[in-house]
Every structure is written in C-alpha cells, then in structure tokens.
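Worksheet: the structure to be examined is printed underneath.
Order of the sequence lines fixes the chain letters, A, B, ..., with proteins taken first and strands second; residue numbering starts at 1 for each chain. Keep in mind that this is a model prediction, so the values were computed, not measured.
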Amino acid sequence: LVSTTTMIAEFGNYGKLEEAQNLFEALPEQNLVSETAMLAAYSQNGSLEQARNLFERSMQQWDHISLSAMLSAYAHNGCLEDAQGIFDRMEHLSLTACNAMLTAHAQNGNLERARQIFDEMGSKNLVSWNAILSAYAQCLYLDEARVVFDSMPEHDMISWNSILSATAQHGNMHDAEYLFVKLPYQTSLSWNTMITANAQVGHLLETTKMFDEMWERNVLSWTAVLTAHFHHGQSDEALLVFDSMKLDDVIPDEICFVLVLLACSHAGKVFLGRCYFQSMMADFGIQPSKQHYCCVLDMLARSGHLSEARDLIK
RNA sequence: AGACUCCGUUCAGGGC
C-alpha cells in the first residue's frame, strides 16, 4: 500500500492520470493517504469532478492534508468560492492551506486579497514568498515583484525564474539578459525561460543561437524555436523544426501540436495538417483538446473547406 | 507513502 501510494503520486506528477487511477482501483484496500494521493492526481490533471467525487463520496475521513489537497483542486480549477469554503471551515490553517488560498486569489486576479493573506500569515516559507512573488510577476507588476524578491530570505530556482520571465515578458530584454547572466543557477530551466522569452518577443536569431548553444534540450527548448519561426511567418521552417525534434527523440506534447497545426493552417497545408492531427492521436496518444479542434477548424475555414468545418463543429 | 509556489503554444471577433 505504501509503495503503491508513492507511485500514484508520481504518476500524478507526471500527468499520467490513467496509470494512477488503475493503480488506485486495483488496491485491495485504500486509506486516507492513498485517497489523498489520488485526489491530488485528479487535481493536477484538471479532473475536478472526479476529485470532488472521491472527496465527498468515497472518503470517510479527512485530515488537514486531504483538505489542503481538495482546496488546491478547487483553486486550480477556478472554483474560488468552494476553495474559500474549505478554507473557512478548516480548524487549523496550515501553512500549505494558506499558500494554496493565496495562490487561488492571485490567479483569480485578486491581488489585494492574496497580499492580505500573505501579510496575515504567522509564518511563511519559501513557497509563500514564491507565491506572492509570482502573483505580482504574472500581472507584470515588476516593481512590486522586485520589492518582494529583494525582501525574500532566500531564493530558489522558482524565484529566479519568476522574476526573469516577468522581466522578459515585460519586454525588458536587456534587463532580462542581465538577470540571466547573474543567475546563480545556470540550469536548463533558466535557459528555457530565456529562450522562450526571446521567442515570445520575436527574436528569431537570438532564439536559434541559444538553442544551438544549449547542452540539454527538451520540449520547451524546441517549442521556443517552433514559436519563433511561427511568429516570423516561417511555417515551413516551423514544420522542419518539428520533424527534427522527432528525429532527436524528443516527444512532442499537445502544445507543439497546436503550433504545428497553426503553421499548417497559415501555410494552407490542409492535407499535411490532417496528417499531423491523426498522428497526434495515433502515434502520441494525445487526446485532442478544444484548442486543437479550433486549430483544425481555423485551417479548414481559411482554406475554404467550409462544409467540413461545419461538420467539425457538430 | 499523500497536500501548497514558477515557466512554454493562439485563432477569430469587438473596443480604444
């Protein structure tokens, strides 16, 4: 039971919800801890209804950890009121619960409420600091973000990454570059943040240069190059990049396919686009999301395949 | 054994 619970949590972290669920259902007996692990797996993969079912119907008892898990499930799915409901009913407000609630308000655009929770917290850990930092960073309140950053007792990769990407997304590539070279960690994460920033502001040359210099490339790095070509209207190059990526044994994810489908759409390559769409499902086992259908729809509509586009909507 | 924080993709339309 103990090792299976660990594996359920691991599968959840890696987005393998089905595997987690299979393990969970095959358990001869379940306890609070394994149920919480499953709850978190649902939450991390956007299955709010399943999480709610498990929490309300199957579970016989709850502790502060399972409550926190459900709280963040609500928080991540935009159910602010449900999250607040759990929060208000908790007897002991654990650090984790406060952090989750803080983030929920921040993601809902209520920075003041987030700030209030932060200020009222008796003790804070690095997660709390990072949460309020990224709340400001994501709204591109750079000044506030810098103040928080400078007040923090310590920084980890997440803190650096937040401030770096906010600076870059704000368009201050010089400042971003300055931060980047000052980083105490030169990890593939920081490289990916930087290369992505370059791609977002449309610096194709910088993007490819960084890509060539990287020692460890993953899907994010490849996605940045794809994005940069896409921004420059270079659909063919984008598709070439995508094919090279597969040759390099990097597994494309759903976002790569969004870009590929859009590239096909812009280049008017309907047939090719269909092939990629099929391949996405058949070869990579990716369930098409609404977003993917929108891309296909866009492609069909732009190229004048109106009746097929209409069928797709149905 | 389980919970909390960061990062990648965007189409169309409307307003200024």
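- Among the pairs that RNA chain B forms, none builds a region of at least three successive Watson-Crick or G-U pairs under 3.5 Å.
- Under 3.5 Å, the side chains of T167(A) and D175(A) contain no donor-acceptor pair of N or O atoms.
- Rounded to a whole Å, the CE atom of M194(A) is 15 Å from the C1' atom of rG8(B).
- In this structure, M7(A) atom CE and rA1(B) atom P are separated by 16 Å, rounded to whole Å.
- Which of rC6(B), rG8(B), rC4(B) sits closest to the side chain of S72(A) comes down to rC4(B).
- Separating the CG atom of N31(A) from the C1' atom of rG2(B) is a distance of 9 Å, rounded to the nearest angstrom.
- Between the C1' atom of rA1(B) and the CZ atom of F24(A) lies a distance of 14 Å, rounded to the nearest Å.
- Legend: residues meeting side-chain contact (heavy atoms from CB on, under 4.5 Å) with H231(A), ordered by chain and number and at least two apart, are T227(A).
- N99(A) and S128(A) share a side-chain donor-acceptor pair at under 3.5 Å.
- Using a 4.0 Å heavy-atom cutoff across all strands shown, D156(A) reaches no nucleic acid atom at all.
- Taking both residues in full, the closest heavy atoms of A41(A) and L17(A) are given as O-CD1, 3.7 Å, listed atom of the first, atom of the second, then distance.
- Within residues 39-47 of chain A, the residues having any heavy atom under 4.0 Å from RNA chain B are, by residue number, A40(A), Q44(A).
- Here N218(A) lies out of heavy-atom contact (under 4.0 Å) with every strand.
- Among the nucleotides rG8(B), rA3(B), rA1(B), the one closest to the side chain of A69(A) is rA3(B).
- At a cut-off of 3.5 angstrom, the base of rA3(B) holds no donor-acceptor pair with the side chain of N99(A).
- I132(A) comes within 4.0 angstrom of nothing in the nucleic acid, heavy atoms only.
- Contact annotation: side chain of D63(A) to base of rG2(B), donor-acceptor pair present below 3.5 Å.
- Residues meeting the salt bridge (Lys or Arg N to Asp or Glu O under 4.0 Å) test with K16(A), sequence neighbours left out: none.
- Among rG2(B), rA3(B), rU5(B), the nucleotide with an atom closest to any side-chain atom of T96(A) is rA3(B).
- Partners of S289(A) according to the side-chain contact (heavy atoms from CB on, under 4.5 Å) rule, which considers only residues two or more places apart in sequence or in another chain, are Q291(A), H292(A).
- Protein atom CD of Q61(A) is 18 Å distant from nucleotide atom P of rA3(B), rounded to whole Å.
- Residues forming a side-chain contact (heavy atoms from CB on, under 4.5 Å) with D236(A) (at least two apart in sequence, or on another chain): K269(A).
- Among pairs with a residue in residues 186-210 of chain A, those fulfilling salt bridge (charged side-chain N to carboxylate O under 4.0 Å, His left out) read K209(A)-E213(A), at least two apart in sequence or across chains.
- Within 4.0 Å (heavy atoms only), H76(A) reaches sugar-phosphate atoms of the nucleic acid but no base atom.
- The CD atom of E10(A) sits 9 Å away from the P atom of rA3(B) (whole-angstrom rounding).
- Closest approach to the S66(A) side chain among rC4(B), rC6(B), rG2(B) is made by rG2(B) (side chain taken as heavy atoms from C-beta onward).
- The OH atom of Y74(A) sits 17 Å away from the C1' atom of rC4(B) (whole-angstrom rounding).
- When each of rG2(B), rG8(B), rC6(B) is scored by its nearest atom to the side-chain atoms of V219(A), the top-ranked nucleotide is rG8(B).
- Taking atom CD of E154(A) as the reference point, atom C1' of rU5(B) lies 13 Å away to the nearest angstrom.
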Practice item. In sequence, state the C-alpha distance, the side-chain angles, and the governing distance for E35(A) and S66(A), and then conclude on side-chain contact (heavy atoms from CB on, under 4.5 Å). Key: CA-CA 8 Å; E35(A) 286 166 335; S66(A) 53; over 6 Å; no
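- Closest to the V2(A) side chain, of the nucleotides rC4(B), rA1(B), rU5(B), is rA1(B).
- Ranking rU5(B), rG2(B), rA1(B) by closeness to the A131(A) side chain, first place goes to rU5(B).
- Under a 4.0 Å N-O distance rule, the pair E112(A)/R115(A) does not qualify as a salt bridge.
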Exercise for review: Let me have a per-nucleotide readout for nucleotides 9-16 of chain B, 5' to 3', with B, S or -, counting only protein heavy atoms under 4.0 Å.
Suggested key: BBSS----
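- RNA chain B lies under 4.0 Å from at least one heavy atom of each of the following residues of residues 105-118 of chain A: Q107(A).
- Evaluation of the salt bridge (Lys or Arg N to Asp or Glu O under 4.0 Å) rule for D143(A) yields R146(A) as partners, not counting sequence neighbours.
- Minimum heavy-atom separation, L140(A) to A166(A): CD2-O, 3.6 Å.
- Follow the hydrophobic side-chain contacts under 4.5 Å out from I158(A) and you never reach F149(A); the two are in separate clusters.
- Evaluation of the ring-ring contact (aromatic ring centres under 6.0 Å, His included) test over residues 234-260 of chain A, restricted to residues two or more places apart or in two chains, returns F242(A)-F257(A), F242(A)-Y276(A), F257(A)-F284(A).
- Within the structure, ring-ring contact (aromatic ring centres under 6.0 Å, His included) contacts touching residues 127-148 of chain A (residues at least two apart or in different chains) are F118(A)-W129(A).
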